[in-house]
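Working notes, beginning with the structure itself.
Because the structure is predicted, anything quoted here is derived from the model rather than measured. Residue numbers start from 1 in every chain, and the chains themselves are labelled A, B, ... in the order their sequence lines are given, proteins ahead of strands.
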2 protein chains.
Amino acid sequence: MAAPPGGRSTTIYDVAKAAGVAPSTVSRAFSRPGRVNAETAERIRAVAAELGYRANPQARALSTTRTSMIAVILADVTNPVFFEVVRGAELAAYEAGYTMLLAETQESAERERAVLERALSTVDGIVLTSSRMSDSAIRQIAKVKPVIVLNRVVTGVPSVVTDNLRGMRRAAEHLGELGHEQVCYLAGPEASWADGMRWRGLREAGMELELRVRRVGPYPPTVNGGVAAAAEWARQRTSAVVAYNDQMAIGFMRGVRAMGGQVPRDVSVVGFDNSNLSEIVTPALTTVASPLHSLGVTAARNVLAISRGAQSRSTEAVVLPTKLVVRESTSAIEA
Amino acid sequence: MAAPPGGRSTTIYDVAKAAGVAPSTVSRAFSRPGRVNAETAERIRAVAAELGYRANPQARALSTTRTSMIAVILADVTNPVFFEVVRGAELAAYEAGYTMLLAETQESAERERAVLERALSTVDGIVLTSSRMSDSAIRQIAKVKPVIVLNRVVTGVPSVVTDNLRGMRRAAEHLGELGHEQVCYLAGPEASWADGMRWRGLREAGMELELRVRRVGPYPPTVNGGVAAAAEWARQRTSAVVAYNDQMAIGFMRGVRAMGGQVPRDVSVVGFDNSNLSEIVTPALTTVASPLHSLGVTAARNVLAISRGAQSRSTEAVVLPTKLVVRESTSAIEA
DNA sequence: CTGAAAGCGCTAACAG
DNA sequence: CTGTTAGCGCTTTCAG
């Protein structure tokens, strides 16, 4: 009554026989309706419908090498930062007539390999988000299938990234305008390309704007990481703090509150990403908005373009602009 | 330099030739290492590694009909209710040596069909969450591939569901103990099986416990839906409210606050699911906890069991127990 | 233990 | 417009 484990389903041959035509004709009736007699096509459709025929896309892929699917690989489906990215990618895929699949790696390189190994052949392209793999492993994959890397630069592999430098600069300017003279960076994962860029961006801006900059960390890019960072920061306070991302900023605020402090009265805090949490939290978080949606759209479009044989698949990273969103977690310094 | 759109990758034949053996031997060396001379196998592995050979799971699937992947289809990856379900399913899949793929349908039946059409042949089984398809369409799919339906009962298709009846009963008991004599149900989507069960559970419990029960709605099962429900509720207030799910409960609280009311002083509210939002929100939400994680684990395990030819794939729904989690949004009624 | 041959379901190239 | 003939990359008989 339920599902047949090995139930052989209707094939193109069954339909061909039932309709009294050659298999290739059936195939054509589905893939190039124009190239087949209207009546014949109609009959074939009818027979197919009656027999409950469903094309097997994977078998088709074996000869066409196209599956009309792309995969987005991410470390953690639960991380709100990915929501808009996924939405964007799905939108772009849908518009192009593709289906987007998602695979989670649980932050594990081993799992990422396993996923890739299996999913690779079922899709026409891959968007790699927060990959744990080495640059060379990624290059390896990119040799086999179109790959776009998100928020990381891997030589030889096309990528699309957030403009971390300018984003951090805006954060620094904002703090400067509010009268802050020192700022502490709460560092995220050491190995992270984004962390490197954000720290560099803040440092460079600090030099120009005469803002004293120091850093604590690295910490995991999570709420708990932020709490931990608060403890370290407390040993040598600054009037302002910029976190690697929103989650850390939120954790930091929680940590400050736990120590009896208040945000922004005692310390101004700026996050990064503008994930959906940043406006839910109290006080609402001032943050550098990453172009999450466009990141997803662009990545998906580009991977499809490559898959369709785009010529100038330059290896230059596409960099997308950020925007500072001022909310309640930052305030002018008291004289 | 980048990815080859049509770059033919190393096949089993290349390896066979390079290693000086028959293709079938290479195949065996990978799938049944025991059945091939140890040295030969070693040599083959070496050659394969050197050539960067990667098996094509889809081609393999064509003859074996197994891909070692399962798919979980859901309406909205962004919905926190699914987080634990996905986690559970992924865990069960991983433990069984399978890879889990996720596909989003954006609440659209059309998209759901498209996804299924394409993904169906690339996986060994499907877990259908919040499906928009008709019972018969689902039965159709289940005829072709192992399917488990989550939180919905479709005759002839195995499913695993939350014990909505008992869950609602517990909610009612809790409210009764607090002295409430009337409760309003904020209805979710009309077509939803879960909504039907929850409403029925509350009504039945109400009769036994002498709790006057009424309902408003239906509304979309979202925060905004809850806000809307609050407006309708306000026209004829009750001292307690039970929402179809947490999101609606949260929206309801927001609505009440906007009208100048306070929770739980003016109205006690109970949610359903215990999604991760329920403890973040203020006041923290009293809610009926769905067995989210187990739902995912059980669904994945069962779909795999069927796929491996489980015999007694009974069509009875597996029902998993709920648990009432009391937080701050409910309080005793003032005399 | 290993090779040869056939075939999974579908498309593509070539004749008619 | 349609039939025939080869394969796509891999596994699986069936011999040896």
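- Not a single donor-acceptor pair, N or O on each side, falls under 3.5 Å between the base of D:dC8 and the side chain of B:Tyr13.
- For the pair B:Val21 and A:Pro23, both in contact range of DNA chain C, the more 5′-proximal nearest nucleotide belongs to B:Val21.
- Checking D:dT4, D:dT2, D:dG9 against the side-chain heavy atoms of A:Thr25 singles out D:dT2 as nearest.
- Heavy-atom neighbours of A:Glu107 CD from other residues, nucleotides or ligands within 6.0 Å: above the threshold of 12.
- Residue contacts shown for B:Thr64 are limited to sugar-phosphate atoms, with no base heavy atom under 4.0 Å away.
- The CZ atom of B:Arg35 sits 12 Å away from the C1' atom of C:dT2 (whole-angstrom rounding).
- Across residues 39-63 of chain B, B:Thr40, B:Leu62, B:Ser63 each have a non-hydrogen atom less than 4.0 Å from an atom of DNA chain C (numbered order).
- To the nearest 0.5 Å, the span separating CD1 on B:Ile306 from CZ on B:Arg308 amounts to 11.5 Å.
- The number of heavy atoms from other shown groups lying within 6.0 Å of CZ (B:Arg45) is above 12.
- Rounding to the nearest 0.5 angstrom, the gap separating the CD1 atom in B:Ile73 from the CD1 atom in B:Ile126 is 5.0 Å.
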Checklist entry - Can you give the dot-bracket line for DNA chain C, where a pair is Watson-Crick or G-U wobble with both atom distances under 3.5 Å, crossing pairs use [ ], and | marks a partner on another strand? => result |||||||||||.||||
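- Minimum atom distance to the side chain of B:Ser24 is reached by C:dA5, of the listed C:dT11, D:dG9, C:dA5.
- OP1 or OP2 of C:dA12 has at least one side-chain nitrogen or oxygen of A:Arg32 nearer than 4.0 Å.
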Next on the checklist: Applying side-chain contact (heavy atoms from CB on, under 4.5 Å) to B:Asp76 and A:Arg87, what does each step give before you reach the verdict?
Outcome noted: CA-CA 10 Å; B:Asp76 175 9; A:Arg87 277 271 142 62; 2.7 Å; yes
